[in-house]
Amino acid sequence: IPGQSKITFLLQAIRNTTAAEEARQMAAVLLRRLLSSAFDEVYPTLPSDVQTAIKSELLMIIQMETQSSMRKKICDIAAELARNLIDEDGNNQWPEGLKFLFDSVTCNAVGQMATDFAPGFQKKFHEKVSNKGWTFQHTCLFCFISQVIAALLQTMEDQGNQRVQAHAAAALINFTEDCPKSLLIPYLDNLVKHLHSIMVLKLQELIQKGTKLVLEQVVTSIASVADTAEEKFVPYYDLFMPSLKHIVENAVQKELRLLRGKTIECISLIGLAVGKEKFMQDASDVMQLLLKTQTDFNDMEDDDPQISYMISAWARMCKILGKEFQQYLPVVMGPLMKTASIKPEVALLDTQDMENMSDDDGWEFVNLGDQQSFGIKTAGLEEKSTACQMLVCYAKELKEGFVEYTEQVVKLMVPLLKFYFHDDILQLFNTNPAESMPLLLECARVRGPEYLTQMWHFMCDALIKAIGTEPDSDVLSEIMHSFAKCIEVMGDGCLNNEHFEELGGILKAKLEEHFKNQELRQVKRQDEDYDEQVEESLQDEDENDVYILTKVSDILHSIFSSYKEKVLPWFEQLLPLIVNLICPHRPWPDRQWGLCIFDDVIEHCSPASFKYAEYFLRPMLQYVCDNSPEVRQAAAYGLGVMAQYGGDNYRPFCTEALPLLVRVIQSADSKTKENVNATENCISAVGKIMKFKPDCVNVDEVLPHWLSWLPLHEDKEEAVQTFNYLCDLIESNHPIVLGPNNTNLPKIFSIIAEGEMHEAIKHEDPCAKRLANVVRQVQTSGGLWTECIAQLSPEQQAAIQELLNSA
């Protein structure tokens, strides 16, 4: 079908309001995909009058569309078209599209449309320019953002229509939430000052006329801007805080509960953005206002909107104040546990009963077949979810300071692992109780091993059972991740024989399911109904399966790191499946994660790991030169730990690995963004071979090359390994490293400075102190110090000074 005919047909289908909404939405998705994947083949070949007609019709359809979900999809089409109509010089070939966006927020009828259109358009612009130069971004994207913000602010200041003002504020909220911080900062001063003047005006209107709609949205706009701007909001803090505190203190009437709740949210988000040091001047006042509200908590009605805002605000205050927040827990925890303990009403209904229950009753249903449905009343679920999230926050921030509440929180969270929520309900209850488990164990450490073990026994069976039965992949992945973290906290001995038996069966089933799903997807690709939409769905399924595979790897990592070689007999039931992952015909994610599992076997179970070398050693050497950087990285890491932990049996393979690693490092594109992590793991592996297996290679020959590849700065863990080895060499006065008459010291200073500039080493790491001592030793030598510093750039000199000051 010719491109013009496709576009015409799809536009007709979208415009046909008598058609089923599913058909119209499918047409919108297909048109967006056509513009995304085949724009250059289709659109430029159209006559100019047809191009103009398509653009005009798109904008007209948006204006006339009444269904919000459909309108968003059409806005996505317009955004995709606009993205493609930016030429290589940064010229916008569809100025009417921008003008339409700006004009759209000036009338009440399409105020909501601006909310739909602005974030998507901004995202598409960002995608378009991200592959171009910085100058291009300035001339195009920044211009666009400036105009959007100006148009929305102008509409917000228009006193003619309160509802349009509120729509414009809502659009601004969506826009600033999606806008990257770096893109928003240039317009922050103008944006904030306008928001302040609007807030002052609307606050006066509230006092004089009682109107609050726009003020509610403006307060949320301020919160959104502060949340995005973070520390850059500090200069504007004093501009807003007095007025916001005034609202919380005085907006006590029932009709102002939503405004008060949103203002509490705003204050806490601003506090989080500007940080403890700036916020402390108001922290006491704010805490007293929150405490006063909290003491009235029991008098609040169940549907009081302040409740959810208060719960979230307390958690943000905890993040700001840290350990100092512990004193407020007795006040906060009662109402929080009450909300977190809400038990949703559930029912098993037949089709007739379900039809008799109207949507207004707040029930969601899952069809179980046989004309039966499981129903759950969703009232309170969002509040319950928020409360559970806050409990996780307190455990994370306060650690042992939360120990008094760990038992009651564990008793609340563990039963939730058994509760299955349908997708629609998961949108309301988006907290995974498993997330809290390792955090609560960390909190409980202070009570001693007996208390900790009791708590773990209460969790363990439920976690393993949930891994075996949880049907939702997102929820399952979080449970698996938390289980792995729990094992790392508890260590050797935390699982008994029954646990291992059940877990082994579950992991085996997960891996078998992984392979079976891949086969089924290949069959579907041969089906006569296979098309782009099917492929997109299959790729989503594949990504979910791979993510579960990463969590299988996480669990095995935690077991190997805790149990060492003792667990190898148990692992043998999984061995054929892990070997299958690294077969050459498997997709690269399979080979990557299969190698990662064998990396753990080598690292934590050596020298006993050599028993299984026949399965992984040859693939590991082969894959260090693989086309996939992720596979190369996993293979290179394995070769590094083989040298570090592997024992004498691995010596000949270290010799064989060296030229393969060097080939990867010296390839022309080794330092590109997609390759740099794999390359840095290769450099680290070379260092480990020289350090731990020096008799396997000619160290004196390799060292000058290795020094020329330093520093590492993307992979922080491997950077520490290489810097520690560099310190070993310097501290032993290695002649090749120092050079004749210390001529290599300026180069070494440059390596250290670059590492500091890229934050490759944390100042609290012992390695930082070793590097600082190297610098100080040279500092005492007068002329040599001057020579080293003179060859550094001003930025490098500042980095050296920063290291000396902090380490």
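Throughout, numbering of the chain's residues begins at 1 and tracks the sequence.
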Can you list every salt bridge (charged side-chain N to carboxylate O under 4.0 Å, His left out) pair that touches residues 616-631, not counting sequence neighbours?
-> Arg591-Asp626, Arg618-Glu656
Does NZ in Lys693 sit with more than 12 non-hydrogen atoms of other residues, nucleotides or ligands closer than 6.0 Å?
-> yes
So, the side chain of Asp669 versus the backbone of Thr672: is there a donor-acceptor pair under 3.5 Å, distance only?
-> no
Answer yes or no: does atom CD of Glu532 have more than 12 heavy-atom neighbours from other residues, nucleotides or ligands under 6.0 Å?
-> no
Would you say His705's side chain and Val702's backbone share a donor-acceptor pair under 3.5 angstrom?
-> no
Take atom NZ in Lys564; do more than 12 heavy atoms of anything else shown fall under 6.0 Å from it?
-> yes
Does a salt bridge link Lys673 with Glu714, judged by any charged N lying under 4.0 Å from a carboxylate O?
-> no
With sequence neighbours left out, which residue pairs that include part of residues 630-673 fulfil the ring pair (Phe, Tyr, Trp, His ring centres under 6.0 Å) condition?
-> Phe610-Tyr650
From the list Arg521, Lys516, Lys510, side-chain hydrogen bond (donor to acceptor under 3.5 Å, both in side chains) partner of Asp545 resolves to Arg521
Stepwise, does the side chain to side chain contact (heavy atoms under 4.5 Å, CB included) test hold for Leu417 with Lys465?
-> CA-CA 9 Å; Leu417 290 169; Lys465 194 76 68 182; over 6 Å; no
Got a list of side-chain donor-acceptor pairs under 3.5 Å for residues 572-580, not counting sequence neighbours?
residue, atom, partner, partner atom, Å
Glu572, OE2, Lys611, NZ, 3.1
Glu572, OE2, Tyr612, OH, 2.7
Gln573, NE2, Trp570, O, 3.2

Over 12 foreign heavy atoms within 6.0 Å of CG, Asn627 | no
Find out whether Phe616 and Leu595 are in side-chain contact, i.e. whether some heavy atom of one side chain is under 4.5 Å from a heavy atom of the other.
-> no
Above 12 or not: heavy atoms from other molecules or residues under 6.0 Å from NZ of Lys485?
-> no
Distance col, row Tyr615:OH vs Phe598:CZ, nearest 0.5 angstrom, shows 9.0 Å
Got a salt bridge between Glu230 and Lys181, using NZ or NE/NH1/NH2 to carboxylate O under 4.0 Å?
-> yes
List the steps, then state whether side-chain hydrogen bond (donor to acceptor under 3.5 Å, both in side chains) holds for Glu80 with Asn84.
-> CA-CA 6 Å; Glu80 187 63 49; Asn84 281 289; 3.2 Å; yes
Asp590: side-chain contact (heavy atoms from CB on, under 4.5 Å) partners, not counting sequence neighbours | His514, Phe515, Gln518, Leu549, Leu581, Arg586, Pro587
Should the heavy atoms of other residues, nucleotides or ligands under 6.0 Å from NZ of Lys508 be counted, would the total exceed 12?
-> no
Return the set of residues passing side-chain contact (heavy atoms from CB on, under 4.5 Å) with Tyr563 (not counting sequence neighbours), or none when no residue passes.
-> Asp492, Cys494, Leu495, Phe500, Ile559, Val567
Decide yes or no for Leu712 and Ser684: does some side-chain heavy atom of the first lie under 4.5 Å from some side-chain heavy atom of the second?
-> yes
Does a side-chain N-to-carboxylate-O contact under 4.0 Å join Asp527 and Lys524?
-> no
Do the charged groups of Lys551 and Asp554 touch, with an N to O distance under 4.0 Å?
-> yes
Look up atom OG in Ser609 and atom CD in Glu565, then write down how far apart they are to the nearest 0.5 Å.
-> 10.0 Å
Just wondering, do Leu520 and Glu541 contact through their side chains at under 4.5 Å, heavy atoms?
-> no
Evaluate whether atom CD of Gln666 has more than 12 neighbouring non-hydrogen atoms of other residues, nucleotides or ligands under 6.0 angstrom away.
-> yes
What residues, two or more places apart in sequence or in another chain, satisfy side-chain contact (heavy atoms from CB on, under 4.5 Å) together with Thr655?
-> Cys696
